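Presented below is the structure to which this report refers.
Protein chains get the first letters and strands the later ones, always in sequence-line order, with residue 1 at the start of each. Because the structure is predicted, anything quoted here is derived from the model rather than measured.
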There are 2 protein chains.
Amino acid sequence: MSKNLLVAQSGGPTAAINATLAGILSAGLESGQVGKLYGGLNGIKGILERKIIRLDNQLNGQAGLDLLAATPAMALGSCRLKLQPEEITPDVYATIEDIFDALDIGYFFYIGGNDSMDTVVKLSDYFAGKGKDVRLIGVPKTIDNDLDNTDHTPGFGSAVKYVVTSLIEVYNDAKVYGDKSVVIVEIMGRDAGWLTASSGLARLTGIPAPHLVYLPEIPFDPKQFIESMNEKIKDHGTVVVAVSEGIRLADGSYAHISAQSSVTDAFGHHALSGAGRYLEMVIEREIGCKVRSIELSVLQRAAAHYASKTDLDEGRMVGREAVSLALEGKTGVMAAIQRVSSKPYRVKVVPIDIRLAANTVKQFPAGWLREDHALSEEAIEYFLPLIQGEAVNATENGLPKYFHFDAKQLAL
Amino acid sequence: MSKNLLVAQSGGPTAAINATLAGILSAGLESGQVGKLYGGLNGIKGILERKIIRLDNQLNGQAGLDLLAATPAMALGSCRLKLQPEEITPDVYATIEDIFDALDIGYFFYIGGNDSMDTVVKLSDYFAGKGKDVRLIGVPKTIDNDLDNTDHTPGFGSAVKYVVTSLIEVYNDAKVYGDKSVVIVEIMGRDAGWLTASSGLARLTGIPAPHLVYLPEIPFDPKQFIESMNEKIKDHGTVVVAVSEGIRLADGSYAHISAQSSVTDAFGHHALSGAGRYLEMVIEREIGCKVRSIELSVLQRAAAHYASKTDLDEGRMVGREAVSLALEGKTGVMAAIQRVSSKPYRVKVVPIDIRLAANTVKQFPAGWLREDHALSEEAIEYFLPLIQGEAVNATENGLPKYFHFDAKQLAL
């Protein structure tokens, strides 16, 4: 009899992670080689708590799968649990094995970022050590795009599309008064500047924004910042800055308010604000012109209302191909995206050793952001295909319509 | 010979104000009764500086008008200048008269909010006093929806659509971990809670968010807030709060960090943050659970990438009808929207005395937000028609495509 399939999601939400889930489920259904389809709620943490539900009887055919693929955030919920090594918590591994046995799981798919890939490393080592044929596949997602050995990650393209479009809209909003003013747009990516740098695509529409771009990979120099800012204000009047939440000063500390001052409020908090507010304060103090900071916050990872069609299509494709890899007998691999060419844009999904994706951070290449803060040709060629097409979400009565699983009936 | 037309924009940007401009220009062109079409740059401030350009020779036909209508912010720029009374600055009025004479302006359209309508009051009084046949028409726009004697204002519907959709996305993002957490969404509207209240439409999709809603019209009680919050956390785990930037304490002061504490930072600033951050601090101090605040900032007024089709259509219609009113001989009026019925939704444009719209603030009706922070049936019936349809912006290469006027060649 066919073995069953278990899938779970982990880490931070994206607009494309449910597209990958939809891809896994449809490939599982269509293969004819998989038994039941199960979903673990709240990632490996929920699986340990036996929060597992049947999915195949809830999908409502192609229409349901399509709606799931366009639903943002995570239909199965998430967790941020990193497994301890087996030596330290043998019970945890034994529990997982018991649960997999009870449900006759032959295929496990974990959709997530580099911490989630670490879970796949540990579980595939464990099951291999037991000599059990459970195929464990990592499936990438993260808006940070910082996973190694994959051209990019599903979820990133939609975040780029939202960030660039929002930055263009913000610039158009800021310039209406024609006076001197600065807008700081703070973008996610604590350790890697991919998403912040991608905002540079805005310049392809003929506008000068973002005029300045600051990434975690390049130490932030406040003096140089003021000099560049004064120059840009003189030349343009309205200046838009794209800054990563993770910019650091020369000493390695984050460029936050708390990093620069001993500010505490009546409630005794230190870290009142992040990089955007920090730059805002620097400008108020050193230049004194009109300034506003905007934190794109979770909006940039949740905005299914304007996802990249290319991203959702690829998210689904990666899910489908991950199932193919498992059915071919692969385990301990991640379904990675390999770019065949940029013009025309073509990619394929290849298996890579899961160890090559876990626990590392792929940084934005030095040289892809030029001296004048414009993107290099190579960077543009890399980013641009990822945002092609608009995958507008389904609506009902003018409001977004999402797919929901019924999570009440647990399988165990 | 036909008199010429002058149009300008004023106040804060919206996603629909260029739709109204497109409506005015197309009706002017099609009427056969209007000569040249001029645009004043940066509102009445720019007109006083003779920054006026020809528009009719730049429109590129229906395609150009359609692109203009879907372009956010303000194609003619804006200002925040409020005219002094004629007795105080007679030169200002004489200058405007000279400029209108020089360009043979017979029709003037000012697209803006209640401050802009005040400009139309003063200019129509002035020209009437001179016995000159210049027809001055106010054309409404504001995301705040606080103009009196119009059912609603163009720009509001698109802001509602963006705010509700973003709030739903934020809720879906927040609930993935299944733990206790609060997200505060700060929404624009310093003096009126229309936009913040409209976020309550999210509940129509079956979710409990926004769980709590706070408006400027209702004094904010921190004790009651903590009580309600504890209850919602107990019942739901994940709680989303919609709060207007303009909420005030019982003593009338804004509920900002500076209103509650003597916090100053290393740079000597007092008003470090607004209502959202204030609620965040209150929750951190009094409840201590995970909390995040998100300020929708200018994104909510600039998001042409997901505008309401109904809103853009109406923006255009109001512009067209404003021209009809002027051609019928009306002056000193605003082209107001009158709702004929909600089911089916039908509106018409009617002239109202411009004095009835200037310098007042229409507040959100008491009773439309229920005790349980849900919208009343009446409120839902009011809001829902305004967000129907998605007017996705034009794109090129995956990036938004906007209309731009060439502002280099001045008419005078």
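- In terms of non-hydrogen atom pairs under 4.5 Å with chain B, the most contact-rich of A:His404, A:Arg80, A:Glu295 is A:Arg80.
- Within 6.0 Å of NZ in A:Lys180 there are 12 or fewer heavy atoms belonging to other residues, nucleotides or ligands.
- With chain A as partner, the option from B:Ile294, B:Thr71, B:Leu201, B:Asn397 having the largest number of non-hydrogen pairs under 4.5 angstrom is B:Asn397.
- Note: B:Ser78 leads B:Ala15, B:Ser78, B:Gly46, B:Ala73 in heavy-atom pairs under 4.5 Å with chain A.
- Contacts with chain A (heavy atom to heavy atom, under 4.5 Å) involve these residues of residues 305-314 of chain B, listed by number: B:His305, B:Tyr306.
- Chain A forms the most heavy-atom pairs under 4.5 Å with one residue out of B:Gly389, B:Ala304, B:Pro72, and that residue is B:Ala304.
- Counting heavy-atom neighbours within 6.0 Å of B:Lys45 NZ, excluding the residue itself, gives a total of 12 or less.
- When heavy atoms are compared at a cutoff of 4.5 Å, B:Glu280 does not approach chain A at all.
- For the side-chain contact (heavy atoms from CB on, under 4.5 Å) test, residues two or more places apart in sequence or in another chain that qualify with A:Lys401 are A:Leu67, A:Ala394, A:Glu396.
- Counting heavy-atom pairs closer than 4.5 Å to chain B, the top residue among A:Leu384, A:Leu386, A:Val164 is A:Leu384.
- Proximity to chain A is limited to the side chain of B:Leu296, based on heavy atoms less than 4.5 angstrom apart.
- With a 4.5 angstrom heavy-atom cutoff, A:Leu41 does not touch chain B via any of its atoms.
- Looking at residues two or more places apart in sequence or on another chain, you find no side-chain hydrogen bond (donor to acceptor under 3.5 Å, both in side chains) involving B:Gln388.
- Near-neighbour residues of residues 167-179 of chain A relative to chain B, defined by a heavy atom under 4.5 Å from a heavy atom of that chain, comprise A:Ile168, A:Glu169, A:Val170, A:Asn172, A:Asp173, A:Val176, A:Tyr177, A:Gly178.
- Counting heavy atoms from C-beta on, the side chains of A:Ile387 and B:Leu399 come closer than 4.5 Å.
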